[in-house]
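What follows is a set of notes on a single structure, which appears directly below.
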Amino acid sequence: MKLYNTETKTKQEFVPQNPDHVTMYVCGPTVYGYSHIGNARPPVVFDVLSRLLRRLYPRVTYARNITDIDDKINKSAADEGVDISVISERYTRAYHADLEALGVLPPDIEPKVTDHINEIFQIIQQLIDADHAYEADGHVLFSVNSYAGYGELSKRSPDELLAGARVDVASYKRDAGDFVLWKPSTDDQPGWHSPWGRGRPGWHIECSAMSAAHLGTTLDIHGGGHDLIFPHHENERAQSVCAHGGKIFVKYWLHNGFVNVDKEKMSKSVGNVLLIRDLLDSVPGEAIRYVLLGAHYRAPLDWNDDVVTQARNSLDRLYGALRKLADVPLPEGDHEHVPSAFIAALHDDLNTPQALAELFALARRANSETDPVGLSKIKAAMLQAGELLGLLQQDPQHWFAGTSSTDDVAEIDALIEQRLAARAAQDWALADQIRDELAARHVVLEDGADGTRWRIEKPVS
RNA sequence: GGCUCGAUGGCAGAGUGGUUAUGCAGCGGCCUGCAAAGCCGUGUACGCCGGUUCGACUCCGGCUCGAGCCUCCA
């Protein structure tokens, strides 16, 4: 398998440090609000990667953290007059619900920052002891100048960073690039008693502490959004390397591209932030997932009404093929039937668009093949390939029924029965009238040799 | 200003130094009572200008346009 490594800027053959146990750490959310569609991309992308890794290696440990102490959380908690845990737990639950709707499997470990304050103390102390960090004015800061490798991940030199700095440099910093490991809390702010006074962790240190605690000092894969390359991952890398005596922190750095909305970056000021929970009111979670996997993970992805409609229609085609195979039994045994071209696409830096193309090739074969044994294998191949992408796992009829209630379904079935009777009597006018009635309710009929099927066709919104 | 990345047919979106991406939408045919679904067929697509080459959408240079990052935004 080849993966594009941000640090080397090349696609590299993936060689884990220990083939018996692969480790992956992905930066999770800071839980201060509901997740938007951009927040969904990393968990979906790395969900596919974790599925692929589990197929290749006997043991994979995938950790995705929850950042539950942060100034934005503090502000929300203060505004509502509640403990920060009320805020963080509320939005953690929402995050889990959103991701479940998108077919994202839970990671093996989901560490929370507030459960790792002691680990954070330890790593900060290690950095101080090794002269990579210093105390100043109640803060503990990482000294950028103490680490020659600083900037290697994001391809920036400290000088350039200084030149472009667009913030005021705090007076207690030795160097403008130095960043906070620990900062003091006022009495009304959440805080922990530390060797450096009561305070709270800085932004980057938690990932260094938690990844080491759960996965060891060197990770095989570390992922996150493109925007995290700098400063977050650059700083994490500096902290971890320096705290661990120069040991390599991450073998492969992976970063996904952004999701734009109608060609614009999502931002609160533009007012174009699309929350997953809102999208789910009108778009099936699987269609959202399809959109996210329809572009290569490193490329920017534009979200608009068209791509959603196209995703839904594309899934109609795939589920249509599977529905034709509804009565075809799966092959005996647990052999793998996934086409090699599908696997090859995913092994080439997670080329999900190419993998989807292979899935459509299977659908075409499913629609033309007549041999029962062949059909059985195609069905298994589609389901197994779909599972690697986290798609096509629901009953096809369930997909086509959309959000219809059981009452709707009973009513639709009754009308179809009436129409079948009319057709049997060659009363085409009545048959067409019933079909029109159903069409007005967005129910589209498909007459086949073995009966009439139906599906919900959502109007283009 | 610095760094990074892009520009593919109506839309989305892979890929390759010379041969069909794929899907959606459209058009024609088959099938169908008529449809729908499906199958078959169908599109002189690779931002502009140079260069390398027998040959470039694919490599190199320049240009134009666009996107992201430059201290807490996935």
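Order of the sequence lines sets the chain letters (A, B, ...), proteins ahead of strands, with each chain counted from 1.
- When the nucleotides B:C69, B:A74, B:G15 are ranked by their closest atom to the side chain of A:Arg156, B:C69 comes out on top.
- Ranking B:C72, B:C24, B:A21 by closeness to the A:Asn313 side chain, first place goes to B:C24.
- Each of B:C39, B:A12, B:C72 was ranked by its minimum atom distance to the side chain of A:Ser368; first place goes to B:C39.
- Close to B:C39, at under 4.0 Å from its OP1 or OP2, lies a side-chain N or O of A:Arg317.
- Note on A:Lys265: a side-chain N or O is less than 4.0 Å away from OP1 or OP2 of B:C69.
- Below 30°, between 30° and 60°, or above 60°: for A:Phe179 and A:His204 the angle between ring planes is above 60°, a perpendicular geometry.
- Here the side chain of A:Asn65 pairs no donor or acceptor atom with the backbone of A:Pro111 at under 3.5 angstrom.
- Using a distance-only test at 3.5 Å, with no hydrogens or angles considered, no donor-acceptor pair links the side chain of A:His96 to the main chain of A:Ala94.
- Between the P atoms of B:U20 and B:C60, the separation comes to 25 Å (whole Å).
- A distance of about 16 Å separates the C1' atoms of B:G62 and B:A7, rounded to the whole Å.
- The side chain of A:Lys183 contributes no N or O atom lying less than 4.0 Å from OP1 or OP2 of B:C72.
- Cation-pi geometry between A:Arg453 and A:Phe400 is not met at under 6.0 angstrom from the ring centre and within 45 degrees of the axis.
- Rounded to a whole angstrom, the distance from the C1' atom of B:C5 to that of B:C39 is 42 Å.
- A:Arg298 contributes no side-chain N or O that forms a donor-acceptor pair with the base of B:C5 under 3.5 Å.
- For A:Arg455 and B:A37, a side-chain-to-base donor-acceptor distance below 3.5 Å is absent, hydrogens and geometry of angles not being considered.
- Spacing of C1' atoms, B:G15 relative to B:G2, comes out at 33 Å, to the nearest Å.
- The side chain of A:Leu301 has B:G13 as its nearest neighbour among B:G23, B:A74, B:G13.
- Which of B:C34, B:C24, B:U22 sits closest to the side chain of A:Phe360 comes down to B:U22.
- Atom name P, nucleotides B:U58 and B:G47: the rounded distance is 8 Å, in whole Å.
- For B:G61 and B:U53, the C1' atoms lie 16 Å apart once the distance is rounded to whole Å.
- Relative orientation of the A:Tyr34 and A:Tyr91 rings is perpendicular, given thresholds of 30° and 60° on the angle between their planes.
- Comparing B:G51 with B:G43, their C1' atoms are spaced 32 Å from each other, to the whole Å.
- Taking the six-membered ring for Trp and the full ring otherwise, the centers of A:His255 and A:His233 sit less than 6.0 Å from each other.
- Nearest heavy atom pair, residue A:Trp454 against residue A:Ile416, reads CD1-CD1, 3.5 Å.
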Base-pair map of RNA chain B as dot-bracket, where | denotes pairing with a different strand and pairs are Watson-Crick or G-U under 3.5 Å: (((((((..(((.....[...))).(((((.......)))))....(((((..]....))))))))))))....
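- In the set B:A74, B:U71, B:C5, the nucleotide with an atom closest to the side chain of A:Asn39 is B:A74.
- The phosphate of B:A67 has neither OP1 nor OP2 within less than 4.0 Å of any side-chain N or O from A:Asn260.
- A heavy-atom distance below 4.0 Å to RNA chain B is reached by these residues of residues 412-419 of chain A, ordered by number: A:Arg419.
- One C1' atom belongs to B:G66, the other to B:U52, and the distance between them is 28 Å to the nearest Å.
- Each of B:G23, B:C11, B:G33 was ranked by its minimum atom distance to the side chain of A:Ser314; first place goes to B:G23.
- Closest to the side chain of A:Asp432, out of B:G23, B:G33, B:U4, is B:G33.
- At distances below 3.5 Å, at least one donor-acceptor pair connects side-chain atoms of A:Asn272 with backbone N or O atoms of A:Lys265.
- For A:Arg364, taking side-chain heavy atoms from C-beta onward, the closest of the listed nucleotides B:A37, B:G23, B:C69 is B:G23.
- A distance cut-off of 5.5 Å between ring centres, combined with a plane angle under 30°, places A:Phe258 in a stacking arrangement with the base of B:A74.
- Out of B:C39, B:G33, B:G13, the shortest distance to the side chain of A:Arg423 is found at B:G33.
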